[in-house]
Number of protein chains: 2
Amino acid sequence: MKAKAEFSLGTKPSTLADGVFDRIRTAIIEGELEPGSKINEPQLSKQYGISRGPLREAIRRLEGCKLVEIKPNIGANIVSLNISQIIEIYEIRESLEGLACRLAATNAIPDDCFRLRELLTQHEKQIQSENGRIYYQREGDLDFHFQIVQLSGNGRLFDILCGELYHLQRLYRVQTASEPSRPIQAFKEHHQIVDAIETNDSELAELLMKRHISSAKSTLLDQLNQ
Amino acid sequence: MKAKAEFSLGTKPSTLADGVFDRIRTAIIEGELEPGSKINEPQLSKQYGISRGPLREAIRRLEGCKLVEIKPNIGANIVSLNISQIIEIYEIRESLEGLACRLAATNAIPDDCFRLRELLTQHEKQIQSENGRIYYQREGDLDFHFQIVQLSGNGRLFDILCGELYHLQRLYRVQTASEPSRPIQAFKEHHQIVDAIETNDSELAELLMKRHISSAKSTLLDQLNQ
DNA sequence: ATCAATTAAATTGTTGACAATATAATTACT
DNA sequence: AGTAATTATATTGTCAACAATTTAATTGAT
């Protein structure tokens, strides 16, 4: 019996299909598996040291998550997003994270706000430092949004945003190797948002978050039209 | 070669796994498979006349769609929603369908509005008639929302709403055998919404749709607290 | 040499068998 | 009789082999 408890809680890696699902999933999100590329079953099953049975189950599950597309008798391809699909996601995020932020402002207790400020302080240091700048800026931004959604207390909302949409946008960034283009401005907006949450001003919190995401969308569009 | 082209377009039923995925999926949505009940692989594979391999692939795909939950070495259960999860979905729908309706108001051409009116006329007849009243009221309501989301032109939004959230709420209704409780009022609100779309008043269209869904949520909460 | 037809290789789809685990039934004990 | 331990059954997880289909390579004709 191998020590295989990869995580301490909330995971269920006991089957090969589940384990390889996690691995392929992160490989897709991290950009190790190129968007649009084909999945070769014999190759992957050999690479992971399992047979095709559980591998195919993992791929089917990924299909359900819309991370791969399967064409009958042809095979599975890593999903690949074009710019208009990214804009679609921004539209949805604007709407849903506005909601999340409103709910967060209603629910948040002082300790939650403290943790958010802490995260932003950490984020600020990373903006000023040079090492690993771009990578950590992206991650810091995601962490912030992640925590807001968690504060909303709406589990389904969390699933959609943190379990689906964030991953897809990240996938696109890796795909196009885009850099964060307005880190200082974004940092300020984050603080504004925490201000609103801190005073339980849910309406303002919603408005600010929507504007924050709308700005990111506009920046992306500008970069393309330039 | 059997004539197996179940639908004329947009389907890919050529593999057993895909075919049985569709069948189980609709069985869940239609309420034929009871929420919370266990899936027995030998039984289902016999029932559908296939082996366990493709059946398990279908179940894994359903897991990815969050329609079943799999516990390792135990089995798969049809997902079962409690009331607070339904409320969560209402919150999300309020936000997303507001967005959808705003986009629809921007995009809609006169012919689209004509079709919406037609749908509502049909819906009105079904309210007045007695036969199959409840069932068709529900379906009519869903058709209306479905068409609005389609008019939004946002494919991802369509996937989330029409491919996921609608099904889950329907599942709950079957589960609790609830009836539509405010059909005439809902009918009026639908017409109001089309009015706004017709004049391309996107802001109003969004507001009305959000209010429409919020009312449905309140009605549900009232029924429970009464 | 270019293209179509044919053959060969590789990949996907499906099945049945076996191993591992969990559930049910039986036995044994206080 | 009630409960713990043990056996038996059923179900899930995994694998390897075979069938069906697609893709690549080869051959042949104009």
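Here is how names work: the chains are called A, B, and so on, in the same order as the sequence lines, proteins then strands, and each is numbered from 1.
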Categorize B:Leu44 for me: base, sugar-phosphate, or nothing, with a 4.0 angstrom heavy-atom threshold over every strand shown. nothing

Please report, rounded to the nearest Å, how far the P atom of C:dT14 is from the OH atom of B:Tyr48. 16 Å

Using whole Å, what does the distance between atom C1' of nucleotide D:dT12 and atom CD of B:Gln43 come to? 15 Å

Contact class for A:Ile59 vs. all strands (heavy atom < 4.0 Å): base, sugar-phosphate, or nothing? nothing

Could you list the residues that satisfy side chain to side chain contact (heavy atoms under 4.5 Å, CB included) with B:Ala105, not counting sequence neighbours? B:Ile197, B:Ser202, B:Ala205

Whole-Å distance separating the NZ atom of B:Lys38 from the P atom of C:dA22: 13 Å

Please identify each residue that fulfils salt bridge (charged side-chain N to carboxylate O under 4.0 Å, His left out) with B:Glu57, with sequence neighbours left out. A:Arg56, A:Arg60

With sequence neighbours left out, the residues meeting side chain to side chain contact (heavy atoms under 4.5 Å, CB included) with A:Phe146 are A:Gln150, A:Phe158, A:Cys162

Test of understanding: with side chain to side chain contact (heavy atoms under 4.5 Å, CB included), list the residues that count as partners of B:Gln85, not counting sequence neighbours. B:Leu81, B:Asn82

Taking N or O atoms only and anything under 3.5 Å, show me the protein contacts with nucleotides 13-19 of chain D, one pair per line.
residue, atom, partner, partner atom, Å
D:dG13, OP1, B:Asn73, N, 3.0
D:dG13, OP2, B:Arg56, NH1, 2.7
D:dG13, OP2, B:Arg56, NH2, 3.1
D:dG13, N7, B:Arg52, NH2, 2.8
D:dG13, O6, B:Arg52, NH1, 3.1
D:dT14, OP1, A:Leu16, N, 2.5
D:dC15, OP2, A:Ser51, N, 3.1
D:dC15, OP2, A:Ser51, OG, 3.1

Listed by chain and number, what are the ring-ring contact (aromatic ring centres under 6.0 Å, His included) partners of B:His167, not counting sequence neighbours? none

For the residue pair A:Phe144 and A:His190, categorise the inter-ring angle as parallel (less than 30°), tilted (30 to 60°) or perpendicular (more than 60°). parallel

B:Leu55 atom CG is separated from C:dG13 atom C1', nearest whole Å, by 15 Å

